[in-house]
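What follows is a set of notes on a single structure, which appears directly below.
Order of the sequence lines fixes the chain letters, A, B, ..., with proteins taken first and strands second; residue numbering starts at 1 for each chain.
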Number of protein chains: 2
Amino acid sequence: MSGLSIGQVAERTGLSVHTLRFYEREGLLPQPVRRGAAGHRIYDEGDVDWLGVCIRLRASGMPLTDIRRYTELVRAGQGNEAERLEVLREHRERVLAQMRELDECLSLITHKVALYESRLGLRDHVPDCTP
Amino acid sequence: MSGLSIGQVAERTGLSVHTLRFYEREGLLPQPVRRGAAGHRIYDEGDVDWLGVCIRLRASGMPLTDIRRYTELVRAGQGNEAERLEVLREHRERVLAQMRELDECLSLITHKVALYESRLGLRDHVPDCTP
DNA sequence: GCTTGACCTAGAGTCGGCTCTAGATTCTAC
DNA sequence: GTAGAATCTAGAGCCGACTCTAGGTCAAGC
């Protein structure tokens with residue numbers, strides 16, 4: 001039980017094997033993945049954890065180039081914590097902005113949903129809006 | 001004051017004139033934009049309002065094809081309100097899911113930010129986390 | 001009357017992020 | 001030992017959403 005194949009990691013992370021190789025090529029892993037005798041990738045838990053972080057960063061809209069930049073900082077080792085922090089803070093601001101924006105969109109959509117529901121008589125108590 | 005040029009609409013909406021033409025080609029407007037003598041587009045307030053809705057839908061991740069579908073329903077006129085409602089409800093679900101996801105991402109990021117802040121001594125009271 | 005700038009169309013190009021293909025090798029199960 | 005599945009690399013292809021280009025029309029100001 002000393003490592004996972006790319007297929008197993010794909011299953012765990014939800015990424016495709018194609019994407020896993022692609023991410024590696026793109027420099028999204030701090031260390032190159034260990035290889036077995038035949039050249040097959042062998043992932044360890046640390047790799048999987050890191051990929052989990054990458055997935056979260058992607059899911060929150062961080063572009064691959066920024067993830068790579070952050071990865072490079074981590075790869076470079078201690079001493080650049082301030083830079084890492086900056087990358088993360090900037091991203092957090094963007095995420096917060098995105099959440100605010102989503103909130104506004106949500107209220108528009110919710111408003112429209114309510115409007116159509118009332119128009120279709122799906123609501124007993126129609127809110128005061130133009131019919 | 002009977003209408004706006006494409007340039008004025010670009011300025012108001014924040015979309016580029018290219019994008020405005022592109023959206024029209026893609027069928028994102030319920031009616032084709034009115035044209036002046038020289039074939040220039042003349043937008044009215046209704047067009048701008050509709051574009052505002054499109055922008056919100058896009059900003060919340062709705063793909064152009066879905067916006068087009070919704071637009072087609074609106075264009076088709078009364079009688080398909082149930083379908084419109086369905087489109088909107090589905091999208092709302094996706095938005096809510098996206099918000100939940102963003103929330104998770106945010107807590108990861110915030111956690112990491114706190115970690116680096118404490119590592120850099122930017123915090124007086126370090127939360128109980130692995131140093 | 002001529003330049004400048006906003007507009008027009010059709011279509012090509014770009015960019016990010018995957019996704020797939022081809023052709024070869026290797027592991028697994030029988 | 002052999003069939004079938006998984007892996008490898010290099011590189012091409014695809015998709016969504018713009019973004020830009022070329023070549024042309026038109027109106028207004030100088």
| note | Minimal heavy-atom distance between Val17(A) and Ile6(A), with the atoms involved, is O-CD1, 3.7 Å
| task | Taking only the side-chain heavy atoms of Phe22(A) (C-beta and beyond), determine which of dC20(C), dT21(D), dG17(C) contains the nearest atom. | result | dG17(C)
| task | State the CD1-CG distance between Ile109(B) and Leu102(B), to the nearest 0.5 angstrom. | result | 8.5 Å
| field | Nucleotide dG5(C), atom P - distance to CD of Glu11(B) in whole Å | value | 16 Å
| message | Taking only side-chain N and O atoms of Arg21(B), does any of them lie within less than 4.0 angstrom of OP1 or OP2 on dC8(C)? | response | yes
| What integer distance in Å separates His18(A):NE2 from dC14(D):P? | 15 Å
| query | His40(B) NE2 to dT25(D) C1': how many Å, rounded? | reply | 7 Å
| Between Asn80(B) (side chain) and Leu73(B) (backbone), is there a donor-acceptor pair under 3.5 Å? | yes
| query | Pick the nucleotide of DNA chain C nearest each of Thr19(A) and Ala38(B); which residue has the one closer to the 5' end? | reply | Ala38(B)
| Positive for side-chain contact (heavy atoms from CB on, under 4.5 Å) with Ile67(B), one of Val87(B), Leu57(B), Ile55(B), Val53(B) | Leu57(B)
| query | Looking at Arg35(A), does any N or O in its side chain come under 4.0 Å of the phosphate oxygens OP1/OP2 on dT9(D)? | reply | yes
| Interatomic distance, Glu24(A) CD vs dT19(C) P [rounded to whole Å] | 17 Å
| Could you state the CD1-P distance from Ile42(B) to dC26(D), rounded to the nearest angstrom? | 15 Å
| field | Sidechain N-carboxylate O distance under 4.0 Å for Arg21(B), Glu26(B) | value | no
| field | Sugar-phosphate only, base, or nothing, as touched by Arg41(A) at under 4.0 Å among non-hydrogen atoms | value | sugar-phosphate
| field | Gap between atoms OH and C1', on Tyr43(B) and dC7(C) respectively (whole Å) | value | 11 Å
| If you check every side-chain atom of Ser5(B), which of dT19(C), dT7(D), dC7(C) has the closest atom? | dC7(C)
| said: Between Ser16(B) and Thr19(B), is the side chain to side chain donor-acceptor pair (under 3.5 Å) condition met? List the steps. | reply: CA-CA 5 Å; Ser16(B) 71; Thr19(B) 303; 2.9 Å; yes
| task | Could you list by number each residue of residues 50-72 of chain B showing a heavy-atom separation from DNA chain C of less than 4.0 Å, or answer none if no residue does? | result | none
| message | Please classify the nucleic acid contact of Arg25(B) as base, sugar-phosphate, or nothing, using heavy-atom distances under 4.0 Å. | response | base
| Distance below 4.0 Å between Tyr23(B) side-chain N/O and dC18(D) OP1 or OP2 | yes
| request: Check the side chains of Ser60(A) and His91(A) for a donor-acceptor pair under 3.5 angstrom, ignoring hydrogens and angles. | output: yes
| request: Would you tell me if any nitrogen or oxygen in the side chain of Ser16(B) comes within less than 4.0 Å of OP1 or OP2 on dC18(D)? | output: no
| query | Given atom CG of Leu28(B) and atom P of dG16(D), what is their separation to the nearest angstrom? | reply | 14 Å
